[in-house]
Amino acid sequence: MVFVIDHLTKSFGGKEVLKDISFRFESGKIYGLLGRNGAGKTTLFNCLNRDIRTDGGDFYLETEQGRRAVQPEDIGYVLSAPVVPEFLTAREFLKFFVDINENSIPDVRPLDEYFELVGIDPEDRDKLLKDYSHGMKNKMQMLVNLIARPQVLLLDEPLTSLDVVVAEEMKQMLRGQKAGRIILFSTHILDLALDLCDEIVLLNHGTLEEVDKANLDSREFKQRIIAALREEEGNE
């Protein structure tokens, strides 16, 4: 399976944020979408999730059966600031999600098995979500997307504000879940992208450019990437 973005554009108030986005993302890989804060990473994700309308271009899936349009269930979206129903306990939220999606979830498991998947301890499973830390809320947001198994998973800087232990747990989980799906992981942290992702894609001046990870191992190439991002910031 391949997720294709074809000449996507988006402007706000005359400012062209996404100028001509074209790329092909292959199944089974984690792609690091690298760009400074404000480069348009969240705008791109919001377009792909159809939260905002594009000005032009298209995106679709290429499967063994041929090209097809992206359906809502094909896209999972994990926001940098987790959004969960804080009036529910974690168990109530998870049960509600599984119940309403039971027909589309393959091989429904007991709830505690899902909690184990993201490392939510037994003593925390019946707590209200409003009492969860940012990292634990992020785990719950990630969990429901993993259960739904979307073809394309969009992760908008999900590890930036997490502590070291939780961030490492999340990275290990993502590595174990990439088979059969496409994961786009946006970040402005170069070393995080190098550590986690199979491929690096640079969002710069409103376009996407694939970056060879072998080159990124050199200090000189890293400095070139950082200089390019600084140049874009200076042009705003």
Side-chain angles (χ1 to χ4, degrees), residues 30-46 48-49 51 72-73 75-102 105 108-150 152-179 181-198:
I30 301 175
Y31 289 84
L33 178 61
L34 186 65
R36 64 163 190 83
N37 287 329
K41 302 187 298 295
T42 299
T43 297
L44 175 59
F45 280 4
N46 285 335
L48 299 179
N49 198 46
D51 290 331
E73 61 270 19
I75 300 285
Y77 191 5
V78 177
L79 306 173
S80 56
V83 179
V84 294
E86 297 192 338
F87 58 90
L88 295 178
T89 67
R91 189 180 299 277
E92 288 170 341
F93 172 47
L94 193 56
K95 184 178 187 304
F96 173 75
F97 179 83
V98 170
D99 285 349
I100 64 173
N101 293 283
E102 186 174 9
I105 297 174
V108 175
R109 306 177 189 177
L111 297 183
D112 286 312
E113 287 191 23
Y114 290 128
F115 283 121
E116 291 290 337
L117 182 64
V118 293
I120 300 292
D121 294 330
E123 60 269 23
D124 293 323
R125 298 170 188 177
D126 293 295
K127 288 183 179 179
L128 288 172
L129 290 172
K130 73 179 183 67
D131 296 324
Y132 268 30
S133 67
H134 179 97
M136 292 173 68
K137 290 177 182 178
N138 214 319
K139 283 184 176 183
M140 291 300 299
Q141 186 179 227
M142 187 79 74
L143 178 56
V144 294
N145 277 280
L146 293 178
I147 293 172
R149 293 200 60 81
V152 180
L153 182 58
L154 310 176
L155 306 177
D156 190 5
E157 306 225 22
L159 307 185
T160 303
S161 59
L162 303 183
D163 64 53
V164 175
V165 174
V166 175
E168 189 59 36
E169 289 176 349
M170 298 283 273
K171 285 191 288 185
Q172 292 296 337
M173 180 178 61
L174 288 172
R175 292 185 184 108
Q177 294 292 321
K178 68 181 182 178
R181 71 176 71 189
I182 297 162
I183 299 177
L184 276 62
F185 182 97
S186 84
T187 182
H188 62 280
I189 303 173
L190 178 57
D191 288 337
L192 175 58
L194 287 173
D195 178 48
L196 175 63
C197 302
D198 301 297

Q: Counting only heavy atoms not in R109, do more than 12 sit closer than 6.0 Å to its CZ atom?
A: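 Not more than 12 within 6.0 Å, no.
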Q: Rounded to the nearest 0.5 Å, what's the gap from CZ on R125 to CE on M140? Could you check?
A: 10.5 Å
Q: Does the side chain of L34 come within less than 4.5 Å of T187's, by heavy atoms?
A: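 Yes - at least one pair of side-chain heavy atoms lies under 4.5 Å apart.
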Q: Is any side-chain heavy atom of L33 less than 4.5 Å from a side-chain heavy atom of L184?
A: no
Q: Are the charged groups of E168 and K171 less than 4.0 angstrom apart, N to O?
A: yes
Q: For the residue pair P150 and I75, establish whether any side-chain heavy-atom pair is separated by less than 4.5 Å.
A: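 P150 does not reach I75 side chain to side chain.
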Q: Under the criterion side-chain contact (heavy atoms from CB on, under 4.5 Å), which of I183, I182, L153 is the partner of I30?
A: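 Of I183, I182, L153, side-chain contact (heavy atoms from CB on, under 4.5 Å) with I30 is met by I183 alone.
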Q: Applying side-chain contact (heavy atoms from CB on, under 4.5 Å), run through N101 and I147 and close with a yes or a no.
A: CA-CA 9 Å; N101 293 283; I147 293 172; over 6 Å; no
Q: Would S186 and D156 count as having a side-chain donor-acceptor pair, cut-off 3.5 Å?
A: yes
Q: To the closest 0.5 Å, what do you measure between OG1 (T42) and CD (E157)?
A: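 T42 atom OG1 to E157 atom CD measures 7.0 Å (nearest 0.5 Å).
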Q: Please find the pair of heavy atoms, one from D124 and one from A90, that lie closest to each other, and give the distance.
A: O-CB, 4.4 Å
Q: Heavy atoms, side chains only, cut-off 4.5 Å: are L155 and M142 in contact?
A: yes
Q: Compare every heavy atom of N138 with every heavy atom of V78, then report the nearest pair and how far apart it is.
A: CG1-OD1, 3.7 Å
Q: As an exercise, state the distance from CZ of F185 to CG of L192, rounded to the nearest 0.5 Å.
A: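 So the gap between those two atoms works out to 4.5 Å.
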Q: Working to the nearest 0.5 angstrom, can you tell me the gap between M136 CE and I120 CD1?
A: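 So the gap between those two atoms works out to 4.5 Å.
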Q: With a 4.5 Å cut-off on side-chain heavy atoms, are V152 and L48 touching?
A: no
Q: Is there a side-chain contact between K139 and E169, using heavy atoms and a 4.5 Å cut-off?
A: yes
Q: Would you say that K178 contacts D198 through its side chain, given a criterion of any heavy-atom pair below 4.5 Å between the two side chains?
A: yes
Q: Check the pair L196, R175 against side-chain contact (heavy atoms from CB on, under 4.5 Å), reporting the backbone distance first and the verdict last.
A: CA-CA 8 Å; L196 175 63; R175 292 185 184 108; 4.0 Å; yes
Q: Which atoms form the tightest heavy-atom contact between V108 and V98, and what is the distance?
A: CG1-CG1, 3.7 Å
Q: What are the two closest heavy atoms between L117 and M173, and how far apart are they?
A: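 So the minimum-distance heavy-atom pair works out to O-SD, 4.0 Å.
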Q: Minimum heavy-atom separation for Y77 to L79, with atom names?
A: CZ-CD2, 3.6 Å
Q: Do V144 and F93 come within less than 4.5 Å of each other through their side chains, counting heavy atoms only?
A: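 Yes, their side chains come closer than 4.5 Å.
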Q: Check the pair L143, F97 against side-chain contact (heavy atoms from CB on, under 4.5 Å), reporting the backbone distance first and the verdict last.
A: CA-CA 10 Å; L143 178 56; F97 179 83; over 6 Å; no
Q: Any chance you could measure R91, atom CZ, to L128, atom CG, to the nearest 0.5 Å?
A: 13.5 Å
Q: For G35 and K41, which heavy atoms make the closest approach, and how far apart are they?
A: O-NZ, 2.8 Å
Q: Hey, mind stepping through F115 and D112 against side-chain contact (heavy atoms from CB on, under 4.5 Å) and telling me if it holds?
A: CA-CA 5 Å; F115 283 121; D112 286 312; 4.0 Å; yes
Q: K95 and side-chain contact (heavy atoms from CB on, under 4.5 Å): which partner among L111, T89, I100, L88?
A: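 Among L111, T89, I100, L88, the one meeting side-chain contact (heavy atoms from CB on, under 4.5 Å) with K95 is L111.
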